[in-house]
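Read the structure below first, then the notes.
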Amino acid sequence: MAMTITEKILAAHSRLKRVEPGELIEVDVDFCLANDITAPIAIERFRQAGAKKIYDAARVALVPDHFVPNKDIESAAQCQILREFAQEHKLPHFFEVGRMGIEHALLPEQGLVLPGDVVVGADSHTCTYGGLGAFATGVGSTDLAAVMITGRTWFRVPASIKFVYHGTLAPWVTGKDLILYTIGQVGVDGARYRSMEFTGQVISHLSMDQRLTMANMAIEAGAKNGIIAPDECTRAFVEGRAQRSYTFYESDDNAVYEQVINYDVSEIEPQVALPHSPANSQPVSSLDKISIDQVVIGSCTNGRLEDLRAAADILKNRRIAPGVRCLIIPATQTIYRQAMDEGLFTIFLEAEAAISTPTCGPCLGGHMGILAAGERAVATTNRNFVGRMGHPESEVYLASPAVAAASAVLGRIASPEEL
Amino acid sequence: MKFSGKAWKFGADIDTDAIIPARYLNTSNPQELALHCMEDADPEFPQKVTPGDVIVADKNFGCGSSREHAPIAIKAAGVSCVIAASFARIFYRNSFNMGLPILESPEAAADVVTGEQLEIDLSTGTIVNKSRNLTYKAQPVPVFMQELLAAGGLIPYVMKHLSSSE
């Protein structure tokens with residue numbers, strides 16, 4: 001019986017020969033995680049259930065990343081709950097400020113989540129690790145607590161939708177543009193409860209950073225997971241970092257898909273998702289001159305080294321437009337260091353951009369770049385819902401790092417072509 | 001399980017940031033969260049909602065983040081049940097885990113308007129619109145899921161089972 005990559009991973013983790021869409025299964029979890037917003041509730045449930053021990057302390061990561069460095073007294077108290085729990089249970093993967101990163105950039109970088117894994121996280125963007133060829137999905141805090149206790153969870157096997165990307169990418173078109181385009185085509189519930197499998201020549205040639213960006217936003221189409229079959233690019237990325245053994249799975253040629261959707265990427269130009277939905281994506285050239293107040297380059301979607309390099313290519317020997325604030329947030333300490341060593345910080349500082357320590361911060365309207373009523377931002381983040389970056393009357397436009405940087409220079413939403 | 005209350009109608013794709021904005025997530029205290037429930041979709045909702053009221057929404061209710069604070073805020077605001085044409089998957093699972101009753105009914109979602117009086121029976125999956133004397137169908141909630149809801153969510157439900165088997 002032929003299976004998709006998602007079905008194979010789920011079958012292997014439920015000790016079954018095969019699984020089919022719709023089937024309810026119990027699976028072994030390779031790794032689980034929570035952050036400073038979701039872990040406090042998970043820890044409360046863990047204690048409430050009377051649990052004393054974590055199933056395997058080495059398979060749990062607690063990453064304070066949303067409201068850190070602590071933005072206020074309440075946030076400090078939330079982080080304290082994580083810190084104390086990590087000490088109590090001797091968690092080797094508690095990442096303190098100064099050693100941390102945004103969870104979905106940090107865990108792949110540290111080799112803690114790997115190809116073939118089942119990963120559950122109390123954060124919806126846990127689906128990011130599908131870029132490595134893992135089955136990874138977001139759950140709530142209570143489900144996460146149960147995983148911390150038992151090492152297992154239940155799933156309904158999702159049907160898969162195969163997305164095939166053909167053709168040649170136009171200049172400035174990245175994984176971010178492909179995923180914004182895709183969500184624009186299928187809608188914010190177009191893959192609800194489904195697995196999105198990203199395939200085709202174009203995907204094979206995408207870097208790991210861009211694959212992680214695409215898988216990251218599968219949730220914005222309502223998907224349970226997004227996944228890309230591992231290959232040599234994956235091997236090159238995980239070799240030397242993997243902290244456990246890993247397995248490469250791939251879909252059988254005759255695997256069954258609910259739908260197969262083909263895109264010729266040659267026709268796609270850089271995309272911008274207009275407020276207030278990630279599905280409102282439009283070609284950047286089709287937009288009027290939309291003035292902006294702020295640019296954010298960072299997040300679990302686009303805060304990796306390649307993203308910072310793309311921004312630096314644009315900002316080199318240029319200045320941020322008067323009246324615009326440009327915030328650059330390397331996603332992890334390692335990325336921060338690499339960007340600094342490569343001289344990217346000099347470029348950013350000369351362009352008059354601000355560089356922040358790793359944090360989810362403004363992406364979810366937490367801190368470090370909140371918008372006032374009527375303000376407008378271009379962000380490389382993943383959501384542009386009402387009030388997402390601050391005041392309910394502010395606006396967020398989602399785009400790639402290159403488009404965000406070009407917009408910062410011109411003071412309005414702009415294509416890099418215009419520079 | 002049966003509920004009755006006044007309907008509050010919302011549109012499609014109500015995301016978790018609309019249900020409880022992230023700017024309030026520096027706490028997980030249910031009463032604090034309830035003060036901001038649905039604020040970015042309807043700023044007056046926390047003041048207007050009364051105990052037992054029902055949220056009725058179009059497709060994909062609860063899309064976006066995995067925050068359990070969303071069903072917690074709705075429940076703490078006094079809402080007895082959420083009816084939608086469809087739910088986003090993480091929100092769906094979180095709602096049962098939190099003990100917030102939810103029902104999928106495209107029929108009710110398409111017809112009910114704010115202010116109408118609803119009577120809901122989870123075991124039969126029927127929603128009666130008392131204001132217009134209409135009945136809508138939904139998938140019934142199985143008995144064990146009703147017990148889970150009655151217990152107040154997954155953890156209390158599991159604990160109840162543990163103590164009864166001891």
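Just so it is clear, the structure is predicted and the values come from calculations on it, not from any experiment. Below, chain A is the first sequence line, B the second, and so on; all start at residue 1.
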How about [X] and [Y]: are their ring centroids closer than 6.0 Å?
{"X": "B/Phe10", "Y": "B/Phe45", "answer": "yes"}
{"X": "A/Phe46", "Y": "A/Phe85", "answer": "yes"}
{"X": "A/Phe385", "Y": "A/His276", "answer": "no"}

Please classify the contact of [X] with chain A as side chain, backbone, both or neither, using a heavy-atom distance under 4.5 Å.
{"X": "B/Asp40", "answer": "both"}
{"X": "B/Leu25", "answer": "both"}
{"X": "B/Thr27", "answer": "backbone"}

Assess, by modelled atom type and distance only, whether the side chains of A/Ser277 and A/Asn384 contain a donor and an acceptor separated by less than 3.5 Å. no
Polar contact flag, side-chain donor to acceptor under 3.5 angstrom, B/Arg89-B/Ser66: no
Interface residue of largest heavy-atom contact number with chain A, from [options], under 4.5 Å:
{"options": "B/Met159, B/Glu39, B/Arg67", "value": "B/Met159"}
{"options": "B/Ser65, B/Ser28, B/Ala18", "value": "B/Ser65"}
{"options": "B/Asn26, B/Asn97, B/Asp17", "value": "B/Asn26"}
{"options": "B/Ala22, B/Pro71, B/Ala41", "value": "B/Ala22"}
{"options": "B/Cys63, B/Ala88, B/Gly64", "value": "B/Gly64"}

Could you tell me if the side chain of B/Gln117 sits less than 4.5 Å from the side chain of B/Asn129, heavy atoms only? no
Measure the CE-CZ distance between B/Met98 and B/Phe91 for me, rounded to the nearest 0.5 Å. 11.0 Å
Name the option with the most non-hydrogen atom pairs under 4.5 Å to chain B; the candidates are [options].
{"options": "A/Thr38, A/Val188, A/Asn382, A/Ile370", "value": "A/Val188"}
{"options": "A/Gln78, A/Lys71, A/His367, A/Glu220", "value": "A/Gln78"}
{"options": "A/Ala122, A/Ser141, A/Gly390", "value": "A/Ser141"}

Should [X] and [Y] count as an ion pair when the cut-off is N to O under 4.0 Å?
{"X": "A/Arg383", "Y": "B/Asp15", "answer": "no"}
{"X": "A/Arg194", "Y": "A/Glu258", "answer": "yes"}
{"X": "A/Glu395", "Y": "A/Arg388", "answer": "no"}

Quick check on the structure: residues of residues 147-157 of chain A within a heavy-atom distance below 4.5 Å of chain B, by number. A/Thr153, A/Trp154, A/Phe155
Within a radius of less than 6.0 Å around CD of B/Gln47, do more than 12 heavy atoms belonging to other residues, nucleotides or ligands occur? yes
